[in-house]
Amino acid sequence: MARDTPGETPSGGASSAPSSSPRFMLAAAGLAVVVILGSGILVGLELHNSDHGLAGTVLGRAVGGPFRLTDQNGHTVTDQSLHGKWLLVYFGYTHCPDACPTALNNIALALDKLGPKSRQFRPVFITLDPARDTPQALKDYVAAFGAPIMALTGSDAEIAQAAKDYRVYYAKHAEPGGDYSVDHTSVIYVMDPQGRFAAGINSETPPENMAEKLKKLLG
């Protein structure tokens, strides 16, 4: 995705200050996102700056990126094909015992509370467990939430790249009996109709509060 370019230094020599380095600025922005998302204080932060949240800011440009994945109906979906609506992107997996069903249920209820405005949003669930989450498994899973959730899967490499671009942490953990679970970031990423990161919402946010945040982003 687009990055800010630091101001040029006067001719005759580059500044020795590390903050003038494009590489430093990119690393700093990425680190800021990780720290903010990890601590959970991103919630609401973007709403204080503009009607459209963080879209277009340095921090906003540090989250998200191009992807090419497969939806629950076996169709190819790209980030470009989803432009035109606000996206509520959540990374998880169908065997998740608590965080994922809570997040998706809260999204579904928040959309109910938005009424006709809900048509401006598209919830997107991206699996972090493509080995088990086939398109059919995803289709059966999201159907239970009664909302138009698009579920996406892909190869290990495709999922890893999408998670990296969205600054999502995930890791497999072996369970007794040979099974495994997946630890992961539990944040709802709100992307504007141009595909730019606008807000991060805690997945445990009550539906009524989530709906209010989404209304504010619409302006």
Side-chain angles (χ1 to χ4, degrees), residues 33-34 36-40 42-43 63-79 81-82 86-112 118 121-191 197 199-207 209-210 214:
V33 171
V34 172
I36 291 173
L37 290 179
S39 63
L42 182 60
V43 178
V63 178
F67 59 76
R68 185 180 182 85
L69 300 170
T70 302
D71 71 10
Q72 67 263 48
N73 296 310
H75 301 145
T76 297
V77 175
T78 69
D79 58 297
S81 67
L82 295 179
W86 290 81
L87 303 183
L88 305 178
V89 182
Y90 184 79
F91 287 77
Y93 67 116
T94 64
H95 287 68
C96 182
D98 41 34
C100 300
T102 296
L104 296 181
N105 190 57
N106 285 344
I107 289 172
L109 293 175
L111 292 179
D112 282 345
S118 67
F121 293 92
R122 183 194 302 272
V124 179
F125 178 63
I126 302 179
T127 182
L128 295 170
D129 185 17
R132 293 184 294 192
D133 288 346
T134 63
Q136 186 60 54
L138 288 170
K139 187 172 186 176
D140 294 341
Y141 183 72
V142 298
F145 295 97
I149 301 172
M150 174 178 286
L152 300 176
T153 187
S155 67
D156 288 340
E158 289 167 338
I159 294 300
Q161 186 60 54
K164 179 180 179 181
D165 289 341
Y166 276 80
R167 304 300 190 265
V168 172
Y169 163 83
Y170 70 106
K172 287 184 179 181
H173 285 282
E175 298 286 350
D179 204 353
Y180 63 87
S181 59
V182 182
D183 287 344
H184 62 90
T185 301
S186 188
V187 170
I188 299 165
Y189 299 85
V190 185
M191 312 299 286
F197 175 65
I201 300 179
N202 189 311
S203 62
E204 296 183 357
T205 300
N209 294 347
M210 190 182 298
L214 296 178

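Hydrogens, waters and symmetry mates are skipped; everything else that's a heavy atom, side chains included, is used.
- Summarising the geometry of Lys139 relative to Asn73, their closest heavy-atom pair is NZ-OD1, 3.2 Å, with the distance given to 0.1 Å.
- Using modelled atom types, one finds no donor on one side chain facing an acceptor on the other under 3.5 Å when comparing Thr153 with Asp133.
- One finds the CG atom of Leu111 at 9.0 Å from the CE atom of Met210 (value rounded to the nearest 0.5 Å).
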Pair Leu88, Val190 - check side chain to side chain contact (heavy atoms under 4.5 Å, CB included), show working.
CA-CA 5 Å; Leu88 305 178; Val190 185; 3.9 Å; yes
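- Rounded to the nearest 0.5 angstrom, Leu214 CG and Trp86 CH2 are separated by 9.0 Å.
- Side chain of Ser186 to main chain of Ser203: no donor-acceptor pair is present (N/O by atom type, distance under 3.5 Å, no hydrogens or angles).
- Side chains of Leu82 and Met150 form a contact here, defined as non-hydrogen atoms less than 4.5 Å apart.
- Of the possible polar contacts, one joining the Tyr189 side chain to the Tyr166 backbone as a donor-acceptor pair under 3.5 Å is found.
- A donor-acceptor contact shorter than 3.5 Å is absent between the side chain of Gln72 and the backbone of Leu138.
- A 6.0 Å sphere centred on CZ of Arg68 holds no more than 12 heavy atoms belonging to other residues, nucleotides or ligands.
- For the 3.5 Å distance criterion, the side chains of Asp129 and Tyr180 qualify, holding a donor opposite an acceptor.
- Between Tyr141 and Cys100 the shortest side-chain heavy-atom distance falls below 4.5 Å.
- Taking the six-membered ring where the residue is Trp, Phe125 and Tyr90 present parallel rings, their angle staying beneath 30° rather than reaching 60°.
- Contact check for Tyr93 versus Lys172: no side-chain heavy atoms found under the 4.5 Å cut-off.
- Minimum heavy-atom separation, Leu69 to Glu158: CD2-CB, 3.8 Å.
- Cys96 and His184 make their closest contact through SG-NE2, 3.9 Å (heavy atoms, listed as atom of the first residue, atom of the second, distance).
- The backbone N or O of Pro206 sits nowhere less than 3.5 Å from a side-chain atom of Asn106 that would complete a donor-acceptor pair.
- Remark: the backbone N or O of Asp98 is paired with a side-chain donor or acceptor of Thr102 at under 3.5 angstrom.
- Two residues are said to be in side-chain contact when any heavy atoms from C-beta on lie closer than 4.5 Å; Val187 and Asn202 fail this criterion.
- Of the options Val63, Ile126, Ile188, a side-chain contact (heavy atoms from CB on, under 4.5 Å) to Val89 is made by Ile126 and by none of the others.
- Pairing each heavy atom of Tyr170 with each of Ala160, the nearest pair is OH-CA, 3.3 Å.
- When atom types are taken as modelled, the side chain of Asp71 and the backbone of His75 share a donor-acceptor pair closer than 3.5 angstrom.
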Could you walk me through whether Asp140 and Thr94 pass side chain to side chain contact (heavy atoms under 4.5 Å, CB included), step by step?
CA-CA 10 Å; Asp140 294 341; Thr94 64; over 6 Å; no
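- What you find for Ile159 and Pro130 is that their closest heavy atoms are CG1-CG, 4.0 Å.
- Residues Arg132 and Asp179 form a side-chain contact, since some pair of their non-hydrogen atoms from C-beta on lies under 4.5 Å apart.
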